[in-house]
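Below is one structure, written out as C-alpha cells, with a few remarks after it.
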Amino acid sequence: MARSYVVEARRRGLGRRRERIGPIVERLAEEHSDAEIALRFRSDLELLVSVMLSAQTTDVNVNRVTPALFAKYHRPEDYLAVSQEELERDIYATGFFRQKAKSIRGSMRVLLEEFDGRVPTRMDDLLRLPGVARKTANVVAAELGHSQGIVVDTHVRRLSQRLGLTRHDDPVKIERDLQRVVPRADWARFPHLLIWHGRRVCDARKPRCDDCVLVDLCPSARWSDPKV
Ligand code: SF4
C-alpha cells in the first residue's frame, strides 16, 4: 500500500518528495504550532525514564504515573536503592512493569558506571543502555537538542506512507527515507508535527481529508465525494 502512494504522487502530478517536503513542514508547523513531546519531565534523567516507560502505552498514562515517581526518585542511585519489586509497584500502571523496571535499573547502573550518572546525547552511547532501542534513543537525543535521526512511531509511519514519503513498512527504512528528504534542521520537530497531525486530523481509520491542510500535497487524499 505504501508503495502505491509514492507512485500515486507522481500520477497526480503532486511533485517529487523533495519538492513537497518544504510546504508539508511549513503548513504542519503553522497548523500545529503547539506540537511538542507530550511527556512531562523536568530533567534529562526524567526524560529518559519517561520515554522508557512510554513503550506500549500512552503518554497520558505515563504522565499519570511520573509525578509520584519523580517525587521519589531523583538520581540514578535512587532507582538502585530500592528493590526491583518496589520499582515495579511504582511503575505498575504503565504496563510491562517487570521488563521496564529491569531496563530502568540496568540503565541507571550503566549511567553511573560509564557516564558519571548523566544521560548521554550520542546515539551510540544511548543505545548502550539496557532496554533503550533506536526509537527511545532518537526521542531522547532530539529532546536534548542533539537529533541524530528521525523518530518513527506508529503515526509517523502511517503519515509518511500516506504522504508518499516512503514506500517501506520497516521503521529503520522509513527513517532512512525521511532523513533523505527532511532538512536536518527539522529532524527533531518533524515527528511531532506528524504525530499531532495524525492525532488531530489524519486518523488511522478515518482521515479527515476535507479539513486537512495537506490535501493538495497528499497522494492518498480523499474528498467527501463518495465517488472518490
Ligand atoms: S489529505 Fe487525508 S490522508 Fe492525506 S495527510 Fe491529510 S488527512 Fe491524511
Side-chain angles (χ1 to χ4, degrees), residues 1-40 51 54 57-63 134-135 138-143 145 147-228:
M1 185 195 279
R3 172 184 292 267
S4 68
Y5 290 144
V6 174
V7 174
E8 183 66 11
R10 249 177 266 146
R11 199 184 70 77
R12 292 193 189 187
L14 299 180
R16 301 164 68 87
R17 285 177 262 197
R18 282 180 203 284
E19 292 157 4
R20 287 185 293 126
I21 196 70
I24 287 174
V25 173
E26 231 169 74
R27 291 188 205 173
L28 289 180
E30 201 169 306
E31 183 81 352
H32 308 292
S33 55
D34 56 343
E36 57 179 18
I37 190 166
L39 294 168
R40 290 198 212 105
V51 180
S54 70
T57 189
T58 63
D59 293 347
V60 173
N61 204 21
V62 174
N63 288 339
R134 187 160 182 90
K135 186 177 146 215
N138 256 334
V139 175
V140 172
E143 288 307 312
S147 284
Q148 289 142 77
I150 296 178
V151 176
V152 177
D153 77 344
T154 176
H155 294 290
V156 175
R157 176 167 165 248
R158 183 178 75 255
L159 268 78
S160 299
Q161 291 175 340
R162 283 181 177 174
L163 287 164
L165 300 176
T166 183
R167 59 184 70 195
H168 290 293
D169 262 329
D170 173 41
V172 174
K173 290 182 180 165
I174 293 174
E175 183 181 353
R176 215 175 297 144
D177 279 348
L178 293 177
Q179 282 176 310
R180 286 197 190 109
V181 291
V182 177
R184 191 159 184 135
D186 291 318
W187 282 9
R189 70 169 174 166
F190 188 67
H192 293 310
L193 294 174
L194 291 194
I195 289 167
W196 285 95
H197 198 61
R199 285 182 182 148
R200 290 169 173 164
V201 183
C202 191
D203 182 77
R205 291 199 183 148
K206 278 192 169 182
R208 296 193 294 109
C209 302
D210 286 336
D211 301 321
C212 180
V213 292
L214 304 180
V215 73
D216 58 322
L217 295 167
C218 178
S220 56
R222 299 279 182 277
W223 289 271
S224 52
D225 181 344
K227 295 193 292 301
V228 176

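Sequential numbering from 1 along the given sequence is applied to the chain's residues.
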| task | Report the C-alpha separation of His168 and Arg176 in whole Å, then their side-chain angles, then the decisive distance to 0.1 Å, and conclude whether the side chain to side chain contact (heavy atoms under 4.5 Å, CB included) test is met. | result | CA-CA 10 Å; His168 290 293; Arg176 215 175 297 144; over 6 Å; no

| query | Is there a side-chain contact between Lys135 and Pro171 (heavy atoms, below 4.5 Å)? | reply | no

| task | Return the minimal non-hydrogen interatomic distance between Glu143 and Ile37, and the atom names on each side. | result | OE1-CG2, 3.5 Å

| request: Begin with the C-alpha distance, continue with both residues' side-chain angles, and end with the deciding distance and a verdict on side chain to side chain contact (heavy atoms under 4.5 Å, CB included) for Leu217 and Leu14. | output: CA-CA 6 Å; Leu217 295 167; Leu14 299 180; 5.8 Å; no

| said: Quick one, Ile24 with Leu214, criterion side chain to side chain contact (heavy atoms under 4.5 Å, CB included). Give me CA distance, side-chain angles, the key distance, then yes/no. | reply: CA-CA 7 Å; Ile24 287 174; Leu214 304 180; 4.3 Å; yes

| query | Got a donor-acceptor contact below 3.5 angstrom from the Arg12 side chain to the Pro219 backbone? | reply | yes

| Where is the tightest heavy-atom contact between Gln148 and Gln179, given as atom of each residue plus distance? | O-NE2, 3.5 Å

| request: With rounding to the nearest 0.5 Å, note down the distance linking CD1 in Ile150 to CG in Asp177. | output: 10.0 Å

| message | For a quick test of reading the model, state the closest non-hydrogen atom pair linking Ser54 to Asp59 and the distance between them. | response | CB-OD1, 3.9 Å

| query | Between Asp153 and Val139, is a side chain to side chain contact (heavy atoms under 4.5 Å, CB included) present by the stated rule, with each step listed? | reply | CA-CA 10 Å; Asp153 77 344; Val139 175; over 6 Å; no

| Atom pair CD/OG of Gln161 and Ser220 - distance to nearest 0.5 Å | 10.0 Å

| said: For the NE2 atom of His197 and the NE2 atom of His155, what is their distance to the nearest 0.5 Å? | reply: 12.0 Å

| field | salt bridge (charged side-chain N to carboxylate O under 4.0 Å, His left out): pairs with one or both residues in residues 14-26, sequence neighbours excluded | value | none

| said: For a quick test of reading the model, state the closest non-hydrogen atom pair linking His192 to Ala35 and the distance between them. | reply: O-CB, 3.8 Å

| Got a second to check how far Leu163's CG is from Ile21's CD1, nearest 0.5 Å? | 8.0 Å

| said: Tell me every residue that passes side-chain contact (heavy atoms from CB on, under 4.5 Å) with Ala29, counting only those two or more places apart in sequence or in another chain. | reply: Arg189, Leu193

| query | How far does OG1 of Thr166 sit from CZ of Arg180, to the nearest 0.5 angstrom? | reply | 9.0 Å

| message | Quick check against the 3.5 Å criterion: does Asn63 have a side-chain atom that pairs as donor or acceptor with the backbone of Ala38? | response | yes

| field | Pairwise distance OG(Ser160) to CD(Glu175) - rounded to 0.5 angstrom | value | 10.5 Å

| Shortest non-hydrogen contact between Asn61 and Thr57, atoms and distance | ND2-OG1, 2.9 Å

| field | Side-chain donor/acceptor of Arg157 to backbone N/O of Asp169, under 3.5 Å | value | yes

| request: Take atom CZ of Arg200 as the centre, draw a 6.0 Å sphere, and report whether it contains more than 12 heavy atoms from other residues, nucleotides or ligands. | output: yes

| If you look at every heavy atom in Ala221 and Val215, which pair is closest and at what distance? | CB-O, 3.6 Å

| task | Applying salt bridge (Lys or Arg N to Asp or Glu O under 4.0 Å), run through Arg27 and Glu31 and close with a yes or a no. | result | CA-CA 6 Å; Arg27 291 188 205 173; Glu31 183 81 352; over 6 Å; no

